[in-house]
Amino acid sequence: MQSIIKKLIILFCFITFSNLYSKDLDKVSLQLSWFNQFQFAGYYIAKEKDFYKDVGLDVDIKNYDFNIDVPTEVSNGNSNFGIGRETLLLDKSEGKDVVSLYATFQASPLVLISLKNSNIESIKDFENKKIMATPGDATEVSIKAMITSKNIDFKKMIFLKHSHNVMDLVNKKTDIMSAYISKAPYSLDKKNIKYNIFYPKDYGFDMYSDFLFTNSHEIKNNEQRVIDFKNASLRGWEYAFSHINETAKLIYDKYNNKNLTIDELIFEAKKLKKLAYYDNANLGDIKLDKVQRIFDLYNVMGLTKKQISISQFVYNNKFNLFTKGEKAYIKNNKIVNICINENKNRTGILKDFINLIEKNSGFEFNIINSKDWNSSLSLLKTKQCDILPSSFKSLDLKQYFSFTKKYVDIPLVIATKHDVSFIDNIRSLKNKTIGVINDKNLISFLNKNYPSLKIQRVNSLDEGLDLVSHNKLFAQIDTITSISKKIQDKYLTKIKISGKLPKSLQMFFLLDKSNNFLLNILNKSIGYIDEYDKQKILNKWLSIQYKKSFDYSLLGKIFLAFIVIIGILIYRQRLLNNVNEVLKYKVNEKTKELIQLNESLERRIEQEVESNREKDRLLSQQIKLAAMGEMLENIAHQWRQPLSIISTTASGVEVQISANLLTNDELIKSMIIINETAQNLSKTIDDFRQFYEPNKKIVKFKAKDLYLKILNNVNTSYTSLDIKIIGDIEDIDIEGLDSELIQVILNILNNAKDALIMNNKNIEKLIFIDIKKKREKVFITIKDNAGGIKDEIIERVFEPYFTTKHKFQGTGIGLYMTREIIAKHMNGEITVKNKEYKYNQNSYTGAVFKITL
């Protein structure tokens with residue numbers, strides 16, 4: 001009976017204390033932005049591993065459904081925290097109360113996918129294609145910026161509601177599908193289906209994604225709770241990415257409402273880990289300038305409602321950097337002992353960084369000197385030191401110690417004698433003996449990264465540099481801070497830095513594995529070192545500041561050299577005086593000859609000018625005759641059909657009169673046809689006369705009107721030759737000489753027509769005319785599929801009288817005058833090149849003329 005009572009008492013106490021403990025936990029909620037998957041692994045881990053409980057939080061992770069708008073949920077206070085994409089900036093612009101705490105992914109996982117067999121190989125192939133995307137995907141700036149950067153109009157794409165079924169892409173229900181790089185490719189790979197990925201970050205748009213965010217009310221009233229939730233979540237992400245298999249198993253067993261497989265979760269994890277640490281970023285980094293760039297892109301695209309302050313969107317408060325437990329640890333462990341090996345010669349830069357870490361953390365660092373690395377390690381193991389600066393990681397050390405983030409990269413340099421050339425390739429050190437101080441960290445680093453180096457250990461840097469100066473070593477390798485100091489102190493005229501190793505020495509701190517509080521505090525303090533302060537320290541130690549001390553032997557050499565130079569200058573001056581006398585006489589003689597030559601040249605120049613004027617008049621006359629010939633040829637084409645109608649109608653009347661079959665109604669009808677056709681012939685003459693009438697006034701005209709005038713003029717004759725003109729004309733205004741621009745385009749078209757006729761290949765004859773405007777410039781592009789211009793003559797096509805046609809078919813002045821009109825009358829330029837291109841899945845080659853106004 002007593003044992004039963006005892007058990008009941010124990011059970012009562014356990015329940016009582018459990019309830020008391022649970023009451024101490026703050027209840028908060030996190031609203032997910034999608035269905036359960038590895039995308040939210042950090043939050044599952046923080047909950048399951050009690051990281052949230054460690055900071056006094058009881059977190060309810062709320063599942064997603066399609067009726068939930070996460071920013072609205074958090075803004076209205078229905079959830080304390082939420083996960084949001086880069087479109088969170090648009091929600092902020094619309095007035096929603098959202099404040100981001102960190103970004104899980106440094107580049108968005110969102111991509112566009114097409115199948116290999118769809119022939120959609122580039123973004124330019126998106127036009128008139130079906131794209132399956134959610135409203136959020138379609139408005140995400142990374143996707144919009146990638147497409148817009150290739151001048152693709154969103155109105156020319158057909159957007160479909162997303163089914164979230166990759167088989168719709170396989171079954172051709174859509175041409176392109178938005179997806180996460182961590183999801184859809186897995187399904188396609190399993191089915192051995194080849195695909196193309198269009199990734200915004202590959203086009204320069206590496207946007208943040210999966211922001212953890214809250215609202216300003218939560219920050220104002222529960223700021224410490226916000227900080228604790230943020231830090232515990234990041235701790236969860238660090239664990240998830242370090243234990244991918246374990247985390248995938250947890251999600252598979254407990255958070256798997258989409259029935260994902262273990263392999264699928266592991267695939268997702270590896271993809272997302274790369275994005276979380278993309279571009280060597282720290283986990284959760286948010287840079288204000290990058291967020292501003294994202295918002296500016298949205299603003300340029302006209303998607304923002306109003307301007308926002310980026311500093312109000314991103315929460316950043318150094319004062320509340322640490323959790324309650326970390327603050328308590330700092331308060332109770334104010335002094336941190338750090339072991340430093342004085343022989344390393346790296347203490348200068350280390351002490352500067354220690355000062356910054358002290359400033360950020362609130363610790364006071366007490367430096368304990370040790371004679372070498374093994375001594376420092378022994379002091380750390382016996383806890384006489386709390387931390388040890390190191391650049392060396394090994395499996396043995398990782399069993400007992402933790403490593404902080406790196407606090408600096410120190411370049412390693414190669415010091416040689418002054419007469420050695422610059423060393424730009426590490427391979428040039430092969431078979432040469434290189435001195436390295438007997439430092440386990442440094443030697444391990446060099447052996448790992450440069451195994452071909454022939455290393456000789458030295459006891460100190462002084463010993464190594466002495467051996468180099470006496471040709472007993474080819475070079476000495478050490479940090480730039482150590483070597484530069486030694487050079488300016490002792491070896492200024494003997495040793496120089498001749499090269500730099502590609503990989504720098506990463507410096508971090510080593511500490512006891514059980515001390516998580518100290519590890520987290522140091523990591524946060526290192527992470528919040530201001531970049532300006534870091535660069536200031538590096539600039540201080542990476543530049544050699546030579547001491548202003550006298551080297552009297554060097555001064556004597558300089559003085560001797562100075563005397564020699566002065567003597568040479570005096571001798572040279574005497575020679576110059578003699579030469580000047582001779583030159584003066586010759587100059588007088590040449591001056592007389594030049595006066596006579598100038599008089600002769602003036603007469604010759606006048607003759608040449610008059611001759612050039614005559615040539616210009618002839619050229620002008622020839623271009624007018626050529627234009628008149630083109631006009632008559634086009635009039636002839638335009639008149640053939642109307643004349644045929646008049647002839648046929650008149651013949652019909654004559655036949656009907658002969659047969660007594662003509663009635664008054666038919667006679668009147670025939671006369672009306674003849675009259676209307678004659679009026680059209682008259683109108684054709686007027687149109688051509690206005691068309692070729694020179695216009696020297698700058699006017700504003702529409703590109704589409706210009707194109708229609710050209711098309712009406714040549715369409716009949718080109719159609720009769722089976723030549724198809726295809727236009728892509730923007731609705732823009734152009735200022736210039738419209739009639740002269742028409743003449744220019746006609747000259748190019750006529751050359752294209754002649755080339756197509758001469759091309760005996762049995763292919764469709766095509767001419768393309770594009771008129772676009774970009775950055776206040778008008779670009780007119782005309783290309784054909786006639787095979788292009790021969791490489792040996794393409795540079796000469798704008799020369800006067802140069803022609804590839806028969807002498808009775810061309811004068812060689814059309815393209816010359818075209819360039820003259822564009823350059824002199826319209827302040828533009830014209831170029832030509834051959835180009836291969838595709839049209840209707842057929843490959844063509846032709847000449848491309850590009851006019852820039």
Side-chain angles (χ1 to χ4, degrees), residues 280 344-350 352 391-392 406 408-439 441-507 534-551 553-558 560-562 564-565:
N280 296 317
K344 286 186 177 179
N345 296 308
R346 291 194 279 274
T347 56
I349 193 169
L350 171 63
D352 284 346
S391 58
F392 175 65
K406 67 173 182 180
V408 67
D409 287 316
I410 304 180
L412 290 169
V413 295
I414 306 163
T416 66
K417 290 190 69 175
H418 265 288
D419 56 355
V420 175
S421 301
F422 181 75
I423 300 169
D424 60 351
N425 193 322
I426 194 71
R427 286 194 294 264
S428 64
L429 297 178
K430 188 175 182 181
N431 299 323
K432 291 182 170 60
T433 306
I434 310 298
V436 179
I437 60 172
N438 193 16
D439 182 312
N441 289 352
L442 181 56
I443 291 174
S444 298
F445 175 85
L446 293 173
N447 286 335
K448 178 182 176 182
N449 294 287
Y450 309 103
S452 62
L453 283 180
K454 185 180 178 182
I455 293 175
Q456 178 176 317
R457 302 188 183 203
V458 295
N459 294 320
S460 67
L461 187 57
D462 279 319
E463 179 187 340
L465 294 176
D466 277 336
L467 291 173
V468 172
S469 65
H470 291 93
N471 294 321
K472 294 181 179 179
L473 286 175
F474 176 75
Q476 175 78 16
I477 290 179
D478 210 300
T479 64
I480 191 171
T481 54
S482 305
I483 286 183
S484 62
K485 188 174 188 304
K486 286 295 180 185
I487 288 176
Q488 67 180 350
D489 285 345
K490 293 178 63 177
Y491 302 95
L492 193 57
T493 60
K494 301 175 183 178
I495 302 292
K496 71 172 183 178
I497 293 174
S498 298
K500 174 178 172 292
L501 297 186
K503 290 191 177 183
S504 297
L505 202 63
Q506 294 185 344
M507 299 299 298
K534 182 183 287 189
Q535 196 59 48
K536 191 175 176 182
I537 292 174
L538 290 173
N539 290 343
K540 170 185 173 183
W541 288 97
L542 300 186
S543 59
I544 300 176
Q545 299 174 350
Y546 294 105
K547 291 183 177 180
K548 295 181 180 178
S549 58
F550 283 104
D551 183 337
S553 63
L554 180 63
L555 182 63
K557 294 174 185 176
I558 293 172
L560 179 61
F562 178 74
V564 171
I565 291 169

Output side-chain donor-acceptor pairs under 3.5 Å for residues 467-474, partner residues at least two apart or in another chain, one line each.
from   : atom 1 : to     : atom 2 : distance (Å)
Ser469 : OG     : Leu465 : O      : 3.4
Ser469 : OG     : Asp466 : O      : 2.7
His470 : ND1    : Asp466 : O      : 2.8

key: Ile426 CD1 to Ser452 OG distance, which is reported to the nearest 0.5 Å   = 7.0 Å
message = If the condition is side chain to side chain contact (heavy atoms under 4.5 Å, CB included), which residues does Lys503 pass it with, not counting sequence neighbours?
response = Phe445, Asn449, Tyr450
query = Residues in side chain to side chain contact (heavy atoms under 4.5 Å, CB included) with Lys406, at least two apart?
reply = Asp409, Gln506
query = Given side chains that start at C-beta, do those of Leu442 and Leu412 come closer than 4.5 Å, heavy atoms only?
reply = yes
request  = Could you list all the salt bridge (Lys or Arg N to Asp or Glu O under 4.0 Å) pairs where at least one residue sits in residues 446-457, not counting sequence neighbours?
outcome  = none
remark   = Here the gap from Asp439 atom CG to Leu461 atom CG, rounded to the nearest 0.5 Å, amounts to 11.5 Å
note = Ile414 and Lys500 have their tightest heavy-atom pair at CD1-N, 4.4 Å
key: Heavy-atom check, side chain of Leu446 versus side chain of Ile477, under 4.5 Å   = yes
remark   = Sorted by chain and number, sequence neighbours left out, salt bridge (charged side-chain N to carboxylate O under 4.0 Å, His left out) with Lys494 holds for none
inquiry  = Between Asn447 and Ile455, does the side chain to side chain contact (heavy atoms under 4.5 Å, CB included) criterion hold? Intermediate values first, please.
reply    = CA-CA 9 Å; Asn447 286 335; Ile455 293 175; 3.7 Å; yes
Point-to-point distance, once rounded to the nearest 0.5 Å, from CD of Gln456 to CD of Glu463 = 8.0 Å
inquiry  = Pair Phe422, Ile497 - check side chain to side chain contact (heavy atoms under 4.5 Å, CB included), show working.
reply    = CA-CA 8 Å; Phe422 181 75; Ile497 293 174; over 6 Å; no
query = Under the side-chain hydrogen bond (donor to acceptor under 3.5 Å, both in side chains) test, which residues partner Ser504, sequence neighbours left out?
reply = none
Between CD1 on residue Ile434 and OG1 on residue Thr416, distance to nearest 0.5 Å = 9.5 Å
request  = May I have the step-by-step check of side chain to side chain contact (heavy atoms under 4.5 Å, CB included) for Ile495 and His418, ending in yes or no?
outcome  = CA-CA 6 Å; Ile495 302 292; His418 265 288; 5.8 Å; no
ask   = With sequence neighbours left out, what residues match Ser428 under side chain to side chain contact (heavy atoms under 4.5 Å, CB included)?
value = Ile423
Side-chain donor/acceptor of Lys496 to backbone N/O of Val420, under 3.5 Å = yes
task = In sequence, state the C-alpha distance, the side-chain angles, and the governing distance for Ile410 and Met507, and then conclude on side chain to side chain contact (heavy atoms under 4.5 Å, CB included).
result = CA-CA 7 Å; Ile410 304 180; Met507 299 299 298; 3.7 Å; yes
